[in-house]
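Note that the structure is predicted; figures quoted are calculated from it, not measured. Numbers for residues simply follow the sequence, beginning at 1. Ligands are counted one by one from 1 in listed order, and the atoms in each one are counted from 1 as well.
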Amino acid sequence: SERYNAREAEPRWQRQWDEKAIFATKNDDPRPKYYVLEMFPYPSGRIHIGHVRNYTLGDVLARFMRAKGFNVLHPMGWDAFGLPAENAAIERKVAPKAWTYDNIAAMKKQLRSIGLSLDWAREFATCDPSYYKHQQKMFLDFMQAGLVEREKRKVNWDPVDITVLANEQVIDGRGWRSGAVVEQREMNQWVFKITKYAQELLDALDGLDRWPDKVRLMQRNWIGRSEGLLIRFALDPATTPSGESELKIFTTRPDTLFGAKFMAISADHPLAQAAAAKNPELAAFVAEIKRIGTAQEAIDTAEKQGFDTGIRAVHPFDPSWTLPVYVANFVLMEYGTGAIFGCPAHDQRDLDFVNKYGLGNTPVVCPEGQDPASFVITDTAYDGDGRMINSRFLDGMTIAQAKEEVAKRLESEQRGGAPVGERQVNFRLRDWGISRQRYWGCPIPVIHCPSCDIVPAPELPVVLPDDVSFDKPGNALDHHPSWKHVTCPQCGGKAQRETDTMDTFVDSSWYFARFTDPWNEASPTTPAVANRMMPVDQYIGGVEHAILHLLYSRFFTRAMKATGHVAMDEPFAGMFTQGMVVHETYQKADGTYVTPAEVKIEVGGNGRRAVLTATGEDINVGPIEKMSKSKKNTVDPDDIIESYGADVARWFMLSDSPPDRDVIWSDERVQGASRFVQRLWRLVNESVAAAAEAPSSRPAAFGADALALRKAAHGALDKVTGGIERLHFNVCLAHIREFANALAEVLGRPTAPAPDLAWAIREAAGILVQLFSPMMPHLAEECWQALGQTGLISEASWPQIERDLLVEDSMTLVVQVNGKKRGEVTVASNAQNPEIESAVLALDAVKLALDGKPVRKVIIVPKRIVNVVG
Ligand code: ANZ
Ligand code: ZN
C-alpha cells in the first residue's frame, strides 16, 4: 500500500472533526463530566514547542476520557493582557489590541494544525470586554465582601517597566521581566485579601492528593506559617529618642532568649525613624538601606549590616541585663513586628551579624551527646535539636519544653496592664497587590471622588480606550486626554476614574470557571453549570506557575464562593507539572549561537561532530538547555508539522521521557517517530489483507496462535489504559511499540492464517489503532477507515478489556459431549468451574452435538476434561 501522507490527511481529518463539532461539549450532557485543562497561552505571536508538549499531554487524556464515555470539557483561550503588547506598541507602533488579536489568530491556526480535541466554541481572550466585564463585577463583589482593600503600601517599583510588581515578580531583587533593580516606593494600592484565607489555603493542601508533593511543599513554604511568641521588651527610657517605653518583637525561638546578644529593627520601624531624626549618621544609614530595598531576595543575598541606635532594651527575665538595639538591613517591616532579638549561636544571620560587629555569642542549645563545656559556635550557627544550657531555669529542657516554659512565664507576667508575652501565629503570605500602572490590563472599575471617596463604576464594563498614545513612558491611561475625567455617579461632581489596571494574574485566576459557561452575558458564571463542570479534574502546566498562579486561583475560587459565583473551594482537583523541551546549543568558533536548522550532525568513527551546513565549518556542541531565543536552540513547531506532520510531533513529545521530566529534542528521534508512523500504517493495511477472509462473528474457540495474539492485544490494552490514567504516557508508548511488534511477527508468517487467527488479527489491528488514537489521532482516523469502520475513531468508545486474557497462564481442556470428544476449550488457569462451564456451553461444537437437548449435568475433571451430559 501507499505511504501515509500526513500532510494531506491531517487537515482533512481536522476539517471532519470541525464540521461534525465532535469536540463541542454540552453542559447538560448526562454522562459524568471530566474537565481537562492546560494552562492557556499568552498570545506572544507563535506557538513554541513547549506549548505543543503541554497541549499534547492534555489532548491524550481528553481523547482517552472521551472514549471512556465521559462528557469531556477541554477548552482553550488566551491570557491576553500584559506588557509585551505595550512594548510592541512602543517599538513597532502597533496598537496593543490589534497586536494581540493578530497574534491570537496566528496562534489559533497553529494550534489547530496540532489536531487538538478542543471545544473552540468556548474560546475567549481575557482582553475581551465580554470577559473582563465579569472580572470587574467580581472586583466590586469582592470589595463589598471585604476581600478588596485600598492600602498605602511599600511597593516594589520597576523603574524600567514603570510599574509596581508583586513580591513574587521580584527575583533576586530584580523585575521578573525587565531585569531592572527594583526600588521601594510608598503608593496607594488595591489589594486582594488573600491573607484572610492563609490558614485555609494551607490546610486544604492536604486534601489535594492529586497534586505533586513538590508543588504542595512550595505553596506551604510560600504561605509560611510559623508559631511563635510576641514579646514586649522594655526599653531603657534614658536611651530612647522620645521616651518610647517598649519594643515588641516576634520570635519563633523564645527558648533561645538567654542567648540573646542584640535587638534589631527594620529601617522602616517607627523607632528607627524616631532615632534617625536625632542622629544624622543613622539617618543616612536608614536612607541607604531603604534605597536598596527590603525585598526578601535582596535581604537574603545582601551582606548583613547594622547601625547601633544607642537605644537599650531590657531582658525580660533579667532587669539588669540590657541589649543594644540596632537598625539592621535583614529585618523586614512587613513581617511579624518589624523587630527581633538576635540569638547568634542558633541563627546564621544573627551570627554573621555579631561576628561583624563583635557582639559575641553564647550557645543555649547543646546537641545530644555533646559536652556543653566544649560546645562552641564560631562561624556556623546550630539550629538543630538538643538540650538547653546556659539558660538558668530552662537548663536541661528540650527546645519544645523551653519554648513552652518561656511562653507560659511571659504570658502570665504583666507590665502596664498587659501580658509581656503573647502567642501568635504569623504567615509569610502577604495580601496580593493587584494595582498595575499599565494600559493593557483590566481597568479597575472605581471612580475617585473628592467628596464621596471611592465609588464603584456605575456601568460595566469599564472599557479600555483604543485611542491611546505611548509617546510618554508610564501609564497611557493616565495620559489619555479624556478617559479618566468623569462625573461622580453619587454626587455628580467632578471625579476621576482609577487608572490602575489589574495584575494579569487576576485574569488567569478564574478563566477555568468562565469556560464552564462563557456564553453567560449577565454574570461571570452560571453557578449550577460551574458547580457541575468544576473542579478541573486534570490541570496541566509548567512548574514555573506552581506558586503564584495556582495560589491566586485557589484564593480566587474561595472569593468567588464567598460572593456566590461558585460553590467549591478548590479549582484544580488534579495538577500535573510537565517538564521542558530542551535542546543542545550550537556555537561557532567566535561564540555566536546558530540554530539547529543550520547545523548538520555527522556521526562517524571519531564520534559525533557538528558542522555548519552552509560553510562546513566546525560547530561547538554546547550543553543541553531550555529552548530559548537567545541561545537559538529552538525548533519551530510549524517546521516540524510541515515536514513530518502533527502526529509525529505529538508522538515524539510523548515518547522519550516521562511527561514531568525534561525531554531532549532530537531530530534523529523525530525521524524515528516518523518511520514508526509509516510502520503502523503498513501493519494496519497488512492486517486488513490478512483478515480479509476472517469469519465475521467471533470464533467459539481459539487455537494457540490466535490466543497468543489476543493476549498480546488485551495485555497492551490493559497496560495502556492504566498508563494513560496515570499520565505515564512514555510507558504507554513502549507498550504500543511492543504490541505492534507482536502483530508484525504474526503478519510476517509465510502461511495464511487460520480463520480464528485471522479474526484475532482483525481484532488486534483494531485495538492497536485505538491504543494510539489519543496520541496520533489523524493517523488513527485513517487507519480506522482502512479497517472498514464507518464512524470516526475520535467518537468510538474505548475497547473492552477481556480480563480472562490477561491471565498469563491458561489451560486447555478437552471438551466431550456425552463422553465423546467434540473439541477443546482454553481458559485462564485459575478459571472457576462456572466460568469453564459457560465457555464450554458457548462452543458451537457443543451446541451442535447437543442438538437442542437440555444440559443435564457438566462434569469437570480439573485441568483435563469437561464432559457435558445431555
Ligand atoms: C529569635 C531567634 C533565635 C529567631 C533563633 C530565630 C532563631 P519564621 O520561621 O520565618 O517565622 N524574624 C522575626 N521577624 C522578622 C522580621 N520582620 N524580619 C526578619 N526576621 C524576623 O522566622 C521567625 C524568626 O525570624 C524569628 O525568630 C526572628 O528571629 C526572625 F535562634 O527570634 B527569631
Ligand atoms: Zn461624589
Side-chain angles (χ1 to χ4, degrees), residues 154 198 220-231 233 247-269 271-272 289 294-300 302 304 306 313 315-316 323 326-354 361-365 377 380-386 388 390-391 399 402-403 406-407 410 421 423-430 446-458 486-497:
K154 219 171 67 185
R220 216 164 259 138
N221 290 340
W222 189 261
I223 295 168
R225 181 185 197 273
S226 40
E227 282 177 20
L229 203 61
L230 284 173
I231 305 176
F233 277 69
L247 180 62
K248 207 181 210 180
I249 64 96
F250 173 73
T251 178
T252 48
R253 296 292 306 273
D255 54 303
T256 65
L257 255 179
F258 289 103
K261 291 292 167 189
F262 66 96
M263 314 287 294
I265 59 179
S266 162
D268 297 303
H269 196 282
L271 194 58
I289 298 188
T294 47
Q296 184 66 57
E297 288 77 5
I299 291 168
D300 291 347
K304 311 288 166 282
H315 196 282
L323 295 154
Y326 281 75
V327 172
N329 66 342
F330 60 88
V331 183
L332 292 144
M333 194 57 221
E334 291 76 22
Y335 189 72
T337 62
I340 65 161
F341 80 80
C343 174
H346 304 292
D347 182 290
Q348 192 61 45
R349 288 184 308 187
D350 297 349
L351 185 63
D352 294 344
F353 190 80
V354 295
N361 78 71
T362 306
V364 290
V365 177
I377 301 281
T380 310
Y382 176 70
D383 61 5
D385 245 341
M388 302 310 298
N390 303 323
S391 294
I399 292 178
K403 278 183 179 171
V406 169
L410 293 182
R423 289 176 214 248
Q424 200 190 42
V425 173
N426 264 336
F427 292 93
R428 206 176 85 95
L429 184 69
R430 297 281 75 109
V446 301
I447 289 163
H448 298 274
C449 170
S451 15
C452 316
D453 198 20
I454 305 276
V455 184
V486 290
T487 52
C488 171
Q490 250 164 50
C491 69
K494 273 194 177 169
Q496 280 208 354
R497 272 191 203 291

Near Phe341 (heavy-atom distance under 4.0 Å), the atoms of ligand 1 are 1 (C), 32 (O)
Starting from atom 33 (B) of ligand 1, find the nearest protein heavy-atom neighbour and note its residue, name and distance. Thr251 OG1, 3.5 Å
In this structure, atom 28 (C) of ligand 1 is nearest to the protein heavy atom Phe250 O, 3.7 Å
For atom 31 (F) of ligand 1, what's the nearest protein heavy-atom neighbour? Residue, atom name and distance, please. His346 O, 3.2 Å
Take a 6.0 Å sphere around CD of Glu227 and say whether it holds more than 12 heavy atoms from other residues, nucleotides or ligands. no
What protein heavy atom is closest to atom 10 (O) of ligand 1, reported as residue, atom name and distance in Å? Tyr335 OH, 3.7 Å
Who's the nearest protein heavy-atom neighbour of atom 19 (C) of ligand 1, and how far? Phe330 O, 3.3 Å
Is ligand 1 less than 4.0 angstrom away from at least one heavy atom of Leu332? yes
The closest protein heavy-atom partner of atom 3 (C) of ligand 1 is Thr256 OG1, 3.3 Å
Look up atom CD in Gln496 and atom SG in Cys449, then write down how far apart they are to the nearest 0.5 Å. 11.0 Å
Can you tell me if Arg349 has a non-hydrogen atom under 4.0 Å from ligand 1? yes
Just by modelled atom types, is the Tyr382 backbone N or O under 3.5 Å from a matching donor or acceptor in the His346 side chain? yes
Any idea which protein heavy atom is nearest atom 15 (C) of ligand 1, and the distance to it? Ile340 CG2, 3.5 Å
Return yes or no for this condition: an N or O of Asp347 is under 3.5 Å from an N or O of ligand 1. no
Determine whether any heavy atom of Ser226 lies closer than 4.0 Å to an atom of ligand 1. yes
Please determine whether a side-chain nitrogen of the Lys or Arg among Asp347 and Arg253 lies less than 4.0 Å from a carboxylate oxygen of the Asp or Glu. no
Do ligand 1 and Thr252 have nitrogen or oxygen atoms that lie under 3.5 Å from each other? yes
Under 3.5 Å donor-acceptor, Asn361 side chain and Ile377 backbone: yes
Rounded distance [0.5 Å steps], NE2 in His269 versus CE in Met333: 5.0 Å
State, with a plain yes or no, whether a side-chain heavy atom of Pro316 is found less than 4.5 Å away from one of Phe341. no
Using a strict 4.0 Å cut-off to heavy atoms of Val331, name the atoms of ligand 1 that fall inside it. 16 (C), 17 (N), 18 (N), 19 (C)
Might you work through the side-chain contact (heavy atoms from CB on, under 4.5 Å) test for Ser226 and Phe250, ending with a clear yes or no? CA-CA 10 Å; Ser226 40; Phe250 173 73; 4.2 Å; yes
Apply side-chain contact (heavy atoms from CB on, under 4.5 Å) to the pair Phe233 and Leu323, showing each step before the final yes or no. CA-CA 10 Å; Phe233 277 69; Leu323 295 154; 4.0 Å; yes
